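Everything on this sheet refers to the single structure shown next.
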Amino acid sequence: MARAKKVDRAPQEIVSYNPATGEALGSVGVYSTEDVREAVQRARDAQRAWAAFSFRARKERLLRLRQVIIDHTDDLCERISKENGKTLQEALMSEVLPTVDLLTYFAKRAEKILSPQKISLHLFKQRGSYIHFVPRGVIGIISPWNFPFAIPMGESIMAFLSGNAVVLKPSEVTPLIAVHAKELFEKAGMPKDLFQVITGEGATGQALIDSGIDMMFFTGSVPTGKRVAEACGARLIPCVTELGGKAPAVVCPDADLERTASALTWGGFANSGQVCASVERVYAPESIHDELLEMVVEKTKALRQGNPNSFNTDVGAICLSRQIDVARDLIDDAVEQGAKIRTGGSRKEGDGMFFQPTVLEGVTQDMRIVHEEIFGPVLPFVKVKDVNEALRHANDSHLGLTAYVFTKDRSRGREIAEQIESGTVMVNDVMATYGMPETPWQGVKDSGVGFVHTDDGLRNMCQSRHVHYDRIISLKKEPWWYPYSESRFSMLKKFMKLLFRRP
Ligand code: NAD
């Protein structure tokens with residue numbers, strides 16, 4: 001049984017269960033406020049030595065971690081699948097592979113990305129300026145259960161490459177993966193205390209914010225994200241919040257319906273719909289609505305739901321029972337108001353937590369299911385007159401993480417994409433950009449503040465410090481220094497007029 005530190009002062013335990021079978025997988029201790037403080041201190045001590053490592057040395061260590069992850073792929077996928085309920089292929093393609101790719105991308109480029117950046121001064125040519133990047137220190141990460149490996153490990157790897165230590169508070173629903181990630185980290189010979197995993201619930205997360213960390217990366221729900229941002233704000237801790245989504249799919253009449261139907265089916269049901277970027281509402285114009293709907297219904301009926309630890313399962317288990325209640329409630333509300341269940345609609349019988357992939361027809365923009373995050377395998381179809389109406393509805397949301405446009409006209413696709421209020425809009429594709437480390441993962445509106453990934457994301461893990469210096473021998477004093485006088489004022493004014501005489 002995998003166990004985190006057993007704490008005398010806070011003797012509670014969190015038991016982690018396999019959502020597909022109900023079997024207990026192991027338990028972890030709950031870190032108290034004092035334990036969290038000690039963990040942050042250990043991380044801080046380790047970070048000082050780590051920051052002194054050359055980029056090359058950091059890169060070599062991280063590439064060793066990459067090899068350990070690759071060597072343990074099968075075991076890792078099985079562990080993720082067992083604790084989270086996603087299928088083996090999803091564990092590979094959405095957790096392990098993107099982490100390995102992100103590590104490779106940033107390990108190769110960190111030194112260049114974090115090299116000092118010259119600023120060309122347009123006026124003060126006699127002076128020079130540059131930004132240099134200094135690790136922030138200890139990065140706090142609070143993560144959710146739906147991507148228990150890729151989210152915290154991606155952020156941690158970027159933090160390590162930029163010279164920081166990490167204290168991770170994983171979700172209490174999937175703590176064992178984080179504890180195992182720490183074991184892999186140590187197997188790779190990374191400095192032991194540089195990565196701390198503190199298990200517990202919300203109070204442990206709060207204690208992390210209170211413990212003197214230098215930056216926070218929070219991924220989770222909107223209400224918790226607001227609380228975390230507020231707590232960080234009170235302590236002036238920079239905080240990135242990656243929160244909920246309600247991705248609309250705007251389908252144009254000229255879309256390739258075969259690709260669109262497959263994309264919607266995968267985008268709605270991968271990870272049992274428990275993805276912040278899942279397709280949660282489909283806006284289809286009258287001219288193609290019925291044909292597209294029938295294609296999606298057929299594809300959905302063909303999905304094989306069951307044991308996630310099998311290579312031949314398409315849809316696995318629901319990780320958190322609460323999500324079944326949310327889906328049930330929103331479906332009931334929609335059906336009461338006239339929507340029709342075309343397939344699915346119920347919890348599957350048996351010990352495990354499974355909810356059938358569900359397609360709803362006849363959903364309208366005034367229904368709750370169009371506005372509240374479902375975070376489950378439900379695909380509501382809304383029939384619209386045209387793309388303009390689809391666009392209006394797509395933007396009628398308090399969330400704005402991802403959105404999708406389907407059309408064969410590529411330039412029209414980008415034109416529509418630019419009109420959608422969303423951190424990322426993909427044309428003729430769904431969800432995949434999280435796995436592209438050079439692109440930003442970010443929300444607008446209530447979906448969060450800040451971003452992860454990208455070269456700027458790596459820089460953001462550092463303090464950016466500005467150095468301003470003299471390039472040539474300076475005057476004894478600048479003309480705007482003391483003493484002030486009327487003649488000096490008039491000379492400076494003349495100078496200004498001369499400089500800005502042309503429009
Ligand atoms: P959650 O908000 O319930 O919990 C997230 C984390 O916050 C957990 O580790 C939890 O223990 C911790 N926490 C709870 N209360 C806290 C407090 N007061 N202070 C500090 N930490 C606290 O979210 P969840 O159910 O784990 O995750 C699902 C949500 O996450 C969905 O809304 C989903 O859309 C969102 N999500 C967003 C992204 C993204 O990249 N934008 C990615 C994955 C999930």
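All ligand and atom numbering here is 1-based and tracks the order in the structure. Predicted model only: the values in this text are computed from it and were never measured.
- Counting heavy atoms under 4.0 Å from ligand 1, residue Lys226 does not touch it at all.
- At least one heavy atom of Trp441 sits less than 4.0 Å from an atom of ligand 1.
- With hydrogens and angles left out, the side-chain atoms of Arg459 and Ser464 include no donor and acceptor closer than 3.5 Å.
- Ligand 1 is never approached by Val173 to a heavy-atom distance shorter than 4.0 Å.
- Residue contact annotation: Arg322 has a non-hydrogen atom under 4.0 Å from ligand 1.
- Remark: distances from the non-hydrogen atoms of Tyr434 to ligand 1 are all 4.0 Å or more.
- Among Ser447, Ala150, Cys276, the residue whose heavy atom lies nearest to atom 42 (C) of ligand 1 is Cys276.
- Residue contacts with ligand 1: Ser171 is included, with a non-hydrogen atom under 4.0 Å away.
- With Gly140, Ala277, Gly220 as candidates, the residue nearest to atom 30 (O) of ligand 1 on a non-hydrogen basis is Gly220.
- Under the 4.0 angstrom criterion, atom 2 (O) of ligand 1 counts as having a protein heavy-atom contact.
- Closest heavy-atom approach to atom 5 (C) of ligand 1 among the candidates Asn146, Thr219, Thr224: Thr219.
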Could you go through the side chain to side chain contact (heavy atoms under 4.5 Å, CB included) check for Leu114 and Cys462 one step at a time? CA-CA 9 Å; Leu114 296 177; Cys462 297; 4.1 Å; yes
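- Of the heavy atoms in Ala231, none comes closer than 4.0 Å to ligand 1.
- Here the straight-line distance linking atom CZ of Phe149 with atom OG of Ser143 works out to 12.0 Å at 0.5 Å rounding.
- Those atoms of ligand 1 that come under 4.0 Å of a heavy atom in Leu401, given as number and element, are 41 (N).
- By the 4.5 Å heavy-atom criterion applied to side chains, Thr402 and Met426 are not counted as neighbours.
- Residues Met190 and Trp50 come closest through the heavy atom pair CE-CH2, 3.8 Å.
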